[in-house]
Amino acid sequence: MRTAPTILHLDMDAFYASAEQASKPSLRGKAVVVGGLGPRGVVATASYEARVFGVHSAMPMGQARRLAPNAAYLVPRFGFYRSISEQVMALLRALSPLVEPLSLDEAFVDLEAGERAWDAESARRVGVRLRADIRAVTGLTGSVGLAASKMLAKIASEQAKPDGLVLIQPGSERALLGPLSVRTLPGVGPATGDHLRRAGIHTVEELAEAGEDELVRLVGKAHGHALYAMALAHDERPVVAERGAKSVSVEDTYDVDIHDRLRVGLEVQRLADRCVRRLRGAGLSGRTIVLKVRRYDFSTLTRSETLRGPTDDPAVVREAAARLLDAVDTTGGVRLLGVGVSGLADYTQEDLFAQAAGAPVELPAEEPADAPAEVRPAPTERHWRSGNDVRHERYGHGWVQGSGLGRVTVRFETPDSAPGRVRTFRVDDPGLEPADPLPLVTRRPGGPVGSPGAGPSPTGPADAGPAGTAPTGWPGGPRSGDGGVAGAAGPVREHADADVSGAVPGDPGAPGEYRASAGAAGARRAPAGADGAVGSGSARGAGAPGQESSEPEPASLPKSRSGTCGPMDTSSP
DNA sequence: TCTGGGGTCCTAGGACCC
DNA sequence: TCTGGGGTCCTAGGACCC
């Protein structure tokens with residue numbers, strides 16, 4: 001294992017929820033829950049304000065609504081998050097060729113490979129500057145862990161949350177790990193945790209004391225060896241860039257169980273097409289087709305079939321999936337169906353045959369999102385999804401706060417505006433149209449293109465030009481208006497980095513405005529006066545079409561299955 | 001209002017081959 | 001002709017992660 005803490009782990013704080021708060025000024029400092037809004041939805045991310053109520057990832061949405069009835073509930077906008085993620089990953093790649101993304105909001109970086117750091121001090125400097133650059137470029141905060149191994153860097157970033165940096169000094173690893181719960185270790189989930197607990201093993205120290213043979217006996221060969229190594233803080237896994245995909249899959253959970261066998265078959269065909277579309281989009285083909293069925297009682301089964309050669313032919317995948325379905329009993333109903341392809345290759349033998357035979361390989365078009373207006377179905381509540389951006393010919397840019405009863409409620413605000421007003425329209429209002437998200441950080445007018453409005457980091461942007469990294473995937477380019485994102489403007493502070501080595505996890509005593517209140521820990525504070533924009537929260541019906549709410553507070557709409565935003569929180573901190 | 005969607009890795013049994 | 005021992009592939013399920 002290396003002797004310097006030069007493996008960096010970055011984890012963005014409450015990423016989806018923070019991105020929504022940065023995009024929507026009226027949500028800053030408030031409980032925000034991002035996830036599926038249907039009857040079977042779960043929480044993807046809860047803002048720190050929502051976590052105060054006990055809301056957390058993977059929790060059923062119904063439970064979240066009971067715990068935090070006044071939170072704002074939004075559907076995830078992955079395209080938006082991906083564009084932010086690309087900006088962050090570009091900053092990381094400027095540090096090292098060895099960047100290993102784990103998800104949209106998380107990655108390992110080998111700083112030694114990038115010759116950016118060789119000891120604790122240089123590593124810490126890189127981490128401090130990275131956090132500043134991330135905030136300058138995206139307006140969001142991320143937590144950084146630095147250590148001599150991937151496992152410890154990840155544990156460090158977890159301890160740094162939110163909005164902090166923790167460096168684990170080489171030599172202190174075992175002392176630091178010892179008292180921690182076994183559940184802290186990556187790979188120890190509920191099942192393994194219970195298993196170990198029943199064997200009297202609660203802490204990492206007890207794991208090490210149990211010995212390797214005992215652990216292998218308890219949890220199996222691979223897991224046992226891995227667990228013992230982790231308990232001794234041994235982790236030699238290298239940071240690996242470019243890990244090719246091993247499978248591609250799509251699945252849908254239905255709001256209501258499907259009983260009709262015919263309908264089940266049709267859904268499987270649709271999923272097969274969607275899966276192939278994704279496969280082709282990635283330039284891949286695969287040999288093994290997998291069908292997944294979750295029954296009414298939540299029991300899940302998979303059936304798979306391996307072809308003689310890889311394919312990306314929708315007809316071939318459809319037929320295989322249909323054959324697999326034939327062998328499955330669906331009486332009682334199914335709640336989820338999925339189709340996947342594994343055994344991936346980046347060429348396809350069957351395609352060569354198909355081309356040789358002159359057989360066209362066609363895929364039905366996806367939903368006609370880009371179809372001309374006259375072909376598109378008329379807008380309905382479902383068309384205006386909670387949280388999505390819209391533009392009104394008269395009122396400008398805003399986002400859907402809720403819809404129902406033929407009306408859609410829009411809050412007109414932009415990332416760099418004050419919290420905005422709410423107006424209600426008919427769902428088929430001709431002046432209203434869907435819009436792309438706006439950049440979270442505004443460019444200074446007249447400034448160099450790509451210069452962050454929030455100002456440069458104390459040490460300036462990293463050499464490869466993070467500040468020169470234009471936001472990808474956003475239309476519009478430079479926009480007028482000065483100042484950065486509210487709360488991110490002004491000098492970038494590094495207060496949270498003060499508690500570097502040997503930091504106390506989640507030390508609330510760290511000075512600085514971002515930890516000013518426990519409830520808002522890590523959340524960017526709304527600008528002064530924002531609080532005044534939120535009124536009594538009295539439940540108001542949607543106004544008449546086109547009518548402006550008399551108060552800037554959100555109007556409350558009746559719940560509808562199209563996903564209404566509840567009245568926005570007035571009770572959260 | 002009880003449980004998403006996209007992945008990874010491991011285990012274990014049987015087939016099959018040498 | 002009473003019976004081995006690997007290795008690899010396929011299939012099914014489960015734990016875990018974000």
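Keep in mind it's a predicted model, so treat the numbers as computed, not measured. Lettering follows sequence order; numbering is per chain, from 1.
- Checking A:R261, A:R295, A:H259 one by one against A:T330, the side chain to side chain donor-acceptor pair (under 3.5 Å) holds for a single residue, A:R261.
- Residue A:A191 has its side chain nearest to C:dC16 when only B:dG6, C:dC18, C:dC16 are considered.
- Rounded to whole Å, the distance from CG on A:L227 to C1' on B:dC9 is 15 Å.
- The nearest whole Å value for the distance from the CZ atom in A:R294 to the C1' atom in B:dC2 is 11 Å.
- A:V43 comes within 4.0 angstrom of nothing in the nucleic acid, heavy atoms only.
- A stacked arrangement is not assigned to A:F298 and the six-membered base ring of B:dC2, the conditions of a centre distance below 5.5 Å and an interplanar angle below 30° not being jointly met.
- Contact between A:M89 and A:E106 at its shortest, heavy atoms only, is CE-O, 3.8 Å.
- Checking C:dG13, B:dT3, C:dA15 against the side-chain heavy atoms of A:R335 singles out B:dT3 as nearest.
- Residue-level contact check: A:S57 touches neither bases nor backbone, having no heavy atom under 4.0 Å from any strand.
- Atom NE2 in A:H56 sits roughly 14 Å away from atom P in B:dT3 (whole-Å rounding).
- Taking the side chain of A:V250 as heavy atoms from C-beta on, and the options C:dA12, B:dG6, B:dT8, the nearest nucleotide is B:dG6.
- Of all nucleotides listed (B:dG6, B:dC9, C:dC16), B:dG6 comes nearest to the side chain of A:R274.
- Between A:R66 and B:dT1 there is a side-chain N or O to OP1 or OP2 distance below 4.0 Å.
- Residue whose closest nucleotide on DNA chain B sits further toward the 5' end, between A:G220 and A:K292: A:K292.
- Taking the centre and axis of the six-membered ring of A:F298, the NZ or CZ atom of A:R294 falls inside the cone set by 45° and 6.0 Å.
- Side-chain atoms of A:S304 lie closest to C:dT11 of the nucleotides B:dG6, B:dT1, C:dT11.
- The side chain of A:T306 places an N or O atom within less than 4.0 Å of a non-bridging phosphate oxygen (OP1 or OP2) of C:dT11.
- At a threshold of 4.0 Å, the pair A:R318-A:D313 does not count as salt-bridged, since none of the basic side-chain nitrogens sits closer than that to a carboxylate oxygen.
- Between B:dC2 and C:dC16, the two P atoms lie 25 Å apart (nearest whole Å).
- No engagement by A:R183 is indicated, since no non-hydrogen atom pair under 4.0 Å with the nucleic acid exists.
- Minimum atom distance to the side chain of A:T253 is reached by B:dG4, of the listed C:dC17, B:dG4, B:dG7.
- When the nucleotides C:dC18, B:dG6, C:dC16 are ranked by their closest atom to the side chain of A:D105, C:dC18 comes out on top.
- Counting only heavy atoms from C-beta on, A:T302 has its side chain closest to C:dG13 among B:dT3, C:dC17, C:dG13.
- For A:R278, whose side chain is taken as the heavy atoms from C-beta onward, the closest listed nucleotide among B:dG5, B:dG7, B:dT11 is B:dG7.
- Position along DNA chain B of the nearest nucleotide to A:A44 versus A:K221 favours A:A44 as the more 5'-ward residue.
- The distance from atom OH of A:Y296 to atom P of B:dT3 is 16 Å, rounded to the nearest whole Å.
- Using a 4.0 Å heavy-atom cutoff across all strands shown, A:R243 reaches no nucleic acid atom at all.
- If you check every strand for non-hydrogen atoms under 4.0 Å, A:E305 touches sugar and phosphate atoms only.
- Computed from coordinates, the A:H223 NE2 to B:dT8 C1' distance equals 13 Å when rounded to whole Å.
- A salt bridge is absent between A:R183 and A:D194: the closest approach of a Lys/Arg side-chain nitrogen to an acidic carboxylate oxygen does not fall below 4.0 angstrom.
- Across the protein-nucleic acid pair, A:F15 atom CZ and C:dC17 atom P stand 21 Å apart, rounded to whole Å.
- Which of C:dG13, B:dG6, C:dC18 sits closest to the side chain of A:L301 comes down to C:dG13.
- Across all strands shown, C:dC16 forms a Watson-Crick or G-U wobble pair with B:dG7, both key distances being under 3.5 Å.
- Electrostatic pairing of A:R77 and A:D436 does not count as a salt bridge here, judged by no charged N lying under 4.0 Å from a carboxylate O.
- Rounded to whole angstrom, the span from the CZ atom of A:F108 across to the C1' atom of C:dC17 amounts to 12 Å.
- Distance A:L291 CG to C:dT11 C1': 14 Å, rounded to the nearest Å.
- Between A:K246 and the phosphate of B:dC10, there is no side-chain N or O to OP1/OP2 separation shorter than 4.0 Å.
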Fill in: Residue pair A:R263, A:E267: steps toward the salt bridge (Lys or Arg N to Asp or Glu O under 4.0 Å) verdict
CA-CA 6 Å; A:R263 167 93 196 283; A:E267 291 296 332; 3.1 Å; yes
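- The phosphate of C:dC9 (OP1 or OP2) has no side-chain N or O of A:R287 nearer than 4.0 angstrom.
- Using P as the reference atom, B:dT1 and C:dC18 are 30 Å apart when rounded to the nearest Å.
- Residue A:A58 is in base contact, counting any heavy-atom pair closer than 4.0 Å across all strands shown.
- A:E251 comes within 4.0 angstrom of a nucleotide base, judged by non-hydrogen atoms across all strands.
- Proximity of A:S249 to the phosphate of B:dG6: no side-chain N or O atom is located under 4.0 Å from OP1 or OP2.
- Using a 4.0 Å heavy-atom criterion, one finds that A:G36 contacts no nucleic acid atom at all.
- Cation-pi check for A:R335 over A:Y254 is not met; the charged atom does not lie both under 6.0 angstrom from the ring centroid and within 45 degrees of its normal.
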